[in-house]
Amino acid sequence: MKIHLLKKDHVVINKTELTKISLAEQYLTNDYHIKAEIATKAEINKNPLRSDIINFILQNFKRETCYLEIGVRHTNENFDLIRSKIKYSVDPGYESETNDVDFKMTSDEFFAGLREGTFLNEQLKFDVIFIDGSHLADQVQKDINNSLEYLADDGYIVMHDCNPPTEFHASENYYYRISPSGGYWNGTTWKAFYNARKRTDIFSCCIDTDWGIGVISRKVDLGKPTNVKNDFFEYYILNRNREESLNLITFEKFKSYF
Ligand SMILES: C[S@@+](CC[C@H](N)C(=O)[O-])C[C@H]1O[C@@H](n2cnc3c(N)ncnc32)[C@H](O)[C@@H]1O
């Protein structure tokens, strides 16, 4: 290949290097990248965190509680912070070599084992189940349905990553990092939560903090199901109708339900 020597700022560089600089400049000045970076910064500055919300819910039970976390990775980031008499953790260890959990398996394997009586007690009911394992909608929907089966009547499902701030955060691909969302990824969890939002047999809302904390309850009226029609799960429809699609509320409003 013929190399063209070009001068830029008195440094002689070849055409390939110039292309790389030009791509880097495009990255830094690209509107999608800039807007996504602003959205990421805004989201990581929000409070409270998922652990605060889970602990708030747990402390409102007037009994000793039983907590299950699906998808743990590093226990110090959430699991260790949770205050509950009984706690169980499930993770196959896809993202952490240590994987210090009770059940080193997928959530499907865990619920199958529970159903078959391989471990724990088939009659066991959890007061809070935190779903934060696979971030792909079909698996998250399975996690919601399995969790409802093992949730106490007055229990809560809590879900992470229900409110992706841009379509790049909501991509299906966890591994692509030159995206405007960088290493921040919510996956397609919002689609499973949106499906839950349409259901009339459960109540649901999403607290606007920490990438969207979805909450589902059978008993406590957290708001009406969504009427937003988004049969093909288009991100732009979510974005235009974010508040109603997700029932996006503040933590203050959420606390008023207790
Ligand atoms: C985002 S991390 C969890 C973070 C943690 N809950 C927290 O709040 O800091 C996602 C974890 O889910 C696990 N995971 C992925 N697919 C899973 C599945 N099908 N069942 C259970 N866990 C899964 C991964 O191994 C990874 O450790």
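Counting starts at 1 for both ligands and their atoms, following the listed order.
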- Message: Regarding Arg50 and Asp161, does a basic nitrogen lie under 4.0 Å from an acidic carboxylate oxygen?
- Response: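 Salt bridge: no.
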- Task: State plainly whether the residues Lys35 and Asp31 are in salt-bridge range, i.e. N to O under 4.0 Å.
- Result: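 Salt bridge present between Lys35 and Asp31.
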Can you figure out which of [options] has its heavy atom closest to [atom]?
atom                    : options                      : result
atom 22 (N) of ligand 1 : Pro92, Ser107, Ser134, Gly93 : Pro92
atom 3 (C) of ligand 1  : Asp132, Asn186, Val101       : Asp132
atom 5 (C) of ligand 1  : Asp91, Asn78, Val72          : Val72

- Would you call Ser96 a ligand 1 contact, heavy-atom distance under 4.0 Å? no
- Looking only at heavy atoms of Phe110, does any of them come nearer than 4.0 Å to an atom of ligand 1?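 False for this residue.
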What atoms of ligand 1 come within less than 4.0 Å of a heavy atom belonging to [X]?
X      : result
Arg50  : 7 (C), 8 (O), 9 (O)
Glu77  : 9 (O)
Tyr94  : 15 (C), 16 (N), 25 (O)
Phe130 : 6 (N), 8 (O)

- Quick one: does Ile213's side chain get under 4.5 Å of Val158's, heavy atoms only?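 Of all side-chain heavy-atom pairs linking Val158 with Ile213, at least one is under 4.5 Å.
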- Beyond-backbone contact of Asp154 with Phe61, side-chain heavy atoms, under 4.5 angstrom: yes
- Message: Side chain, backbone, both or neither: which applies to Glu69 and ligand 1 if a contact is any heavy-atom pair less than 4.0 Å apart?
- Response: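 The side chain, only.
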- Which atom names give the shortest non-hydrogen contact between Ser181 and Thr40, and what distance separates them?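 The pair with the smallest heavy-atom distance is O-OG1, 4.5 Å.
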- Please say whether Val90 places an N or O atom under 3.5 Å from an N or O atom belonging to ligand 1.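 N/O-N/O distance below 3.5 Å does not exist for this pair.
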Do the two ring centres, one from [X] and one from [Y], sit under 6.0 Å apart?
X      : Y      : value
Phe168 : Tyr184 : no
Phe203 : Phe254 : no
Phe110 : Phe103 : yes

